[in-house]
Q: 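Sending over a structure as structure tokens; questions will come in a sec.
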Amino acid sequence: MLWSNALIPTQKESPADAVAPSHVLLLRAGMIRQLGAGTYTYLPLGLRVLRKAERIIREEMDAAGALELLMPALHPIELWEESGRVATMGDVLIKFDLGGDRKVCLGPTHEEVITDLARSYITSYRQLPITAYQIQTKFRNEPRPRFGIVRTREFLMKDAYSFGADVEQLNASYDAMYEAYCRIFDRCGLPYVAVEAESGPIGGDASHEFMVPSPSGEDQLIRCSSCGYAANVEKAEVGTLAGPSPNSDGAPAPTEVQTPGQRTIEEVAAFLKVQPEETGKLLVYLADGKPVAVLLRGDHEANEGKVRRAFGAATLEPADAPTIQRATGSLIGFLGPIGLTIPLAVDQAVALMPRIVVGGNKEDIHLRDVVPGRDFPIDRVLDLRNAAAGDPCPRCGSALEVGNGIEIGHVFKLGTKYSDALGATFQDAEGKTRSLIMGCYGIGVNRIVASAVEAGHDANGIIWPLSIAPYEALIVPLQVDPDGEVMKLSQQIASALRFAGADVLIDDRDQRPGPKFKDADLIGIPLRVVVGERGLKEGKVEVKWRHDSEAFTVPAEDAPAAIVQRLVSARQELADRVERRAEERTARRGHAG
RNA sequence: CGGGGCGUAGCGCAGCCUGGUUAGCGCGCCUGCCUUGGGAGCAGGAGGUCACCAGUUCGAAUCUGGUCGCCCCGACCA
């Protein structure tokens, strides 16, 4: 491809409202253009990246035995009423009618459609297990699209669904998808981590997220650099906290203090001149509809999944103000653990505090010098909060680290939620009718693009991984006279690269070298070849990898072959690394199993 | 949905407070000359319903009211 024939509208200045590096650079490199909130056009360069990621996904999904199909984006609303998700998805579901009573929605995901397909065609255990996938545009009315193509209202997703006759088949499908995901992200050159994620009532190892660490990520990621433990903040466990139990000997009795209008932890701490970590906060939830209380250190965040499990409940929701008053006799802002009549669970961090400031269960009253165990019961001490930086790792006890990550993939054991709702059943070997056991597996294709830029850029522009770069090689002739030696050699190099199966872009624009080099760095093509009269006089052609700081030269006479050789070995290195990592995973599983 | 900010040329911005020539500047774009290994220089030029609607006024980019759109923080995110 000749640059002069391409549409690559690079920009020197970045738009004011772009914040994330991937957003700024994809715009400046002329790869995307915003149309509205959360909707982007992919220009030719950006589309090439998207297509390359898709291709890798297809190859690995096919290799894993998944079957590609394509489902509609337009769904009859009845299907979503059947599953109950018209209500649960709320405004995120984009609904409209086609005139008359024909109500439809745009698919935000495809569990309903695939399950409808399965209930029609899958009738026997002999057809199982089976996994199907598609790469398709999804629509979600996101309340807040952000960070360029990280969160959009319209996005490209690879979604796969497995159907099995039993849990063993589900686990095998899940493991195959997990492995395929690792291979996909390795091949895309992304520095991802697979983390345990909150999996709802199914529990166990039923859900993993694949995350690329990045400050622009929306999810919080907990990691242990010592042992490699990694988890979503929703799921991360806090290791057992060590420390002496509170000793009440000689401690003063609790005293009431006036705290008029001081409701939040920040207000109370500032008013009483103590640190938030010296206070406690009592939260009231409805666990399966019954009021329960949890006590946390003031600066900690409750983890609703942990709280729900602590009370053995199927559902958990924050209690509203009237319910709280009925259950505790007190007002929000002045709640405390003393004299409660509803079940109380205490976070382990609180149980280790020698003294604590808590609400007095009376308006405008807090209590100082409250001692856990003496002044309120600590018979139910558990891990109830989100892990924070510095907490002990649940595996090895080292300090945990907290960072952000972009979720690029998610694998999830669904069970029979949708097959039950839609009546997708099969007959087993005994002739009994049973529900299909499902798994679902998603990859955000646009997020592969965004996270590759987040993970690969410098002050000058994007640094694409070779496997998903819009072009693998960029040839920069500095003199563009079509009959000149420079252009002739450039064309020869391009031909040789194309013969080796490479994508090549030739910057044939009649520009001074400065802008051509700046644009080359900005769009981030991995291999840059500069052919100029000055170099040719010395019989040299300059070659530079975008990820290296230094260029090197090859003799002009065998430049085409030499450059092809460099590209071929770089591809091979990447392929070798993918296989090596796959072997490492196999070895680890061998140890574990 | 709460809080904050912004809509003026493809991009970045000034002008608005204090209403009054033909609405400016930089980048980019077009023509010519010149230049050619890290965003050169000179000369000429094209490009705007000043987001939209209504109002105030002799007169509105500028003042008032409303609407729409976009960004950031928070809430939300199978």
Side-chain angles (χ1 to χ4, degrees), chain A residues 7 9-20 23-24 27-28 30 33-40 43 80 83-93 107-112 115 138 140-148 150-153 155 157 159 161 197-202 207 209 216-220 232 234 318 406-407 410-415 417-418 421 438-442 444 459-461 476-481 484 486 507 509-522 528-538 540-542 544 551 553:
Chain A
L7 180 60
T10 59
Q11 286 171 197
K12 207 189 285 189
E13 287 172 298
S14 50
D17 44 13
V19 176
H23 190 195
V24 172
L27 286 169
R28 284 192 52 212
R33 180 183 162 86
Q34 181 171 19
L35 183 63
T39 52
Y40 285 85
L43 298 171
W80 287 78
S83 71
R85 284 213 286 182
V86 172
T88 56
M89 301 232 23
D91 290 337
V92 171
L93 192 65
T109 173
H110 281 70
E111 281 84 2
E112 279 78 359
T115 307
K138 310 288 195 222
R140 293 182 194 177
N141 184 18
E142 291 289 350
R144 190 176 158 201
R146 64 183 120 183
F147 298 144
V150 170
R151 177 171 292 274
T152 52
R153 295 215 166 104
F155 56 97
M157 183 168 168
D159 48 326
Y161 306 90
E198 182 56 43
S199 50
I202 296 176
S207 174
E209 287 174 352
S216 303
E218 301 179 289
D219 296 275
Q220 287 225 300
N232 182 310
E234 300 299 319
I406 299 174
E407 180 187 347
H410 196 165
V411 291
F412 196 94
K413 294 180 187 176
L414 278 175
K417 178 176 173 185
Y418 295 97
M438 295 173 58
C440 69
Y441 317 94
N460 296 317
V476 186
L478 294 178
Q479 290 76 30
V480 296
D481 169 15
V486 167
D507 188 356
R509 294 174 302 170
D510 187 12
Q511 295 279 347
R512 294 160 54 86
K516 295 176 88 157
F517 290 142
K518 287 289 184 190
D519 275 347
D521 286 347
L522 181 58
R528 189 188 80 183
V529 178
V530 177
V531 186
E533 279 170 357
R534 205 181 77 183
L536 285 193
K537 271 189 200 132
E538 300 169 20
K540 287 175 180 170
V541 167
E542 182 196 280
K544 181 176 176 298
T553 59

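Residue numbers begin at 1 in each chain, while the letters A, B, ... track the order of the sequences.
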Q: Please examine the side chains of A:Asn460 and A:Phe517, heavy atoms only from C-beta on, and report whether any two atoms are closer than 4.5 Å.
A: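 Result no, sub-4.5 Å side-chain heavy-atom pair not found.
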Q: Would you say the base of B:G38 and the side-chain of A:Arg528 have a donor-acceptor pair closer than 3.5 Å?
A: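 A donor-acceptor contact between them is present.
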Q: Does any nucleotide pair with B:G41 by Watson-Crick or G-U wobble geometry, both distances under 3.5 Å, and what is it?
A: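 Per the H-bond distance test, B:C33.
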Q: Of all the choices, B:A75, B:G39, B:C72, which nucleotide is nearest to the side chain of A:Lys12 once you look at every atom?
A: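 Taking heavy atoms from C-beta onward, the closest nucleotide is B:G39.
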Q: Any donor-acceptor pair under 3.5 Å between the side chain of A:Glu13 and the base of B:G26?
A: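 Answer yes: a donor N or O sits under 3.5 Å from an acceptor.
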Q: Considering only B:G39, B:G10, B:G74, which nucleotide approaches the side chain of A:Lys518 most closely?
A: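 Nucleotide nearest to A:Lys518's side chain: B:G39.
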Q: Taking any heavy-atom pair under 4.0 Å as a contact, classify A:Val19: base, sugar-phosphate, or nothing.
A: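 Sugar-phosphate, backbone atoms only, no base.
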Q: Over all strands shown, is A:Ser14 touching base, sugar-phosphate only, or nothing at heavy-atom distances under 4.0 angstrom?
A: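 The answer is sugar-phosphate, as A:Ser14 gets under 4.0 Å only of primed atoms, P, OP1 or OP2.
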Q: Indicate, yes or no, whether a donor-acceptor pair under 3.5 Å links the base of B:G38 to the side chain of A:Arg512.
A: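 No, the side chain and the base share no sub-3.5 Å donor-acceptor pair.
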Q: Regarding A:Gly90, tell me which of base, sugar-phosphate or nothing describes its non-hydrogen contacts under 4.0 Å with the strands shown.
A: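 No contact.
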Q: Between B:G37, B:G39, B:C73, spot the one nearest the side chain of A:Arg28, thanks.
A: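 Selected nucleotide (nearest to the side chain): B:G39.
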Q: Tell which nucleotide pairs with B:G2, taking only Watson-Crick or G-U wobble pairs whose two distances are both under 3.5 angstrom.
A: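 Paired with B:C73.
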Q: Which nucleotide in the list B:G39, B:C71, B:G37 gets nearest to the side chain of A:Leu522?
A: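 Per side-chain heavy atoms of A:Leu522, the pick is B:G39.
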Q: Name the nucleic acid region contacted by A:Arg509, choosing base, sugar-phosphate or nothing; use a 4.0 angstrom heavy-atom cut-off, strictly under.
A: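 Nothing: the residue A:Arg509, judged by heavy atoms under 4.0 Å, touches no strand.
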Q: Under 4.0 Å from OP1 or OP2 of B:C71: is there any side-chain N or O of A:Gln34 that close?
A: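 Affirmative; the distance criterion is met.
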Q: Ignoring hydrogens and angles, does a donor from either the side chain of A:Arg146 or the base of B:C71 sit under 3.5 Å from an acceptor on the other?
A: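 In this structure, the two groups form no donor-acceptor pair.
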Q: What's the closest nucleotide to the A:Met157 side chain, out of B:G37, B:C71, B:A78?
A: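 Output: B:A78.
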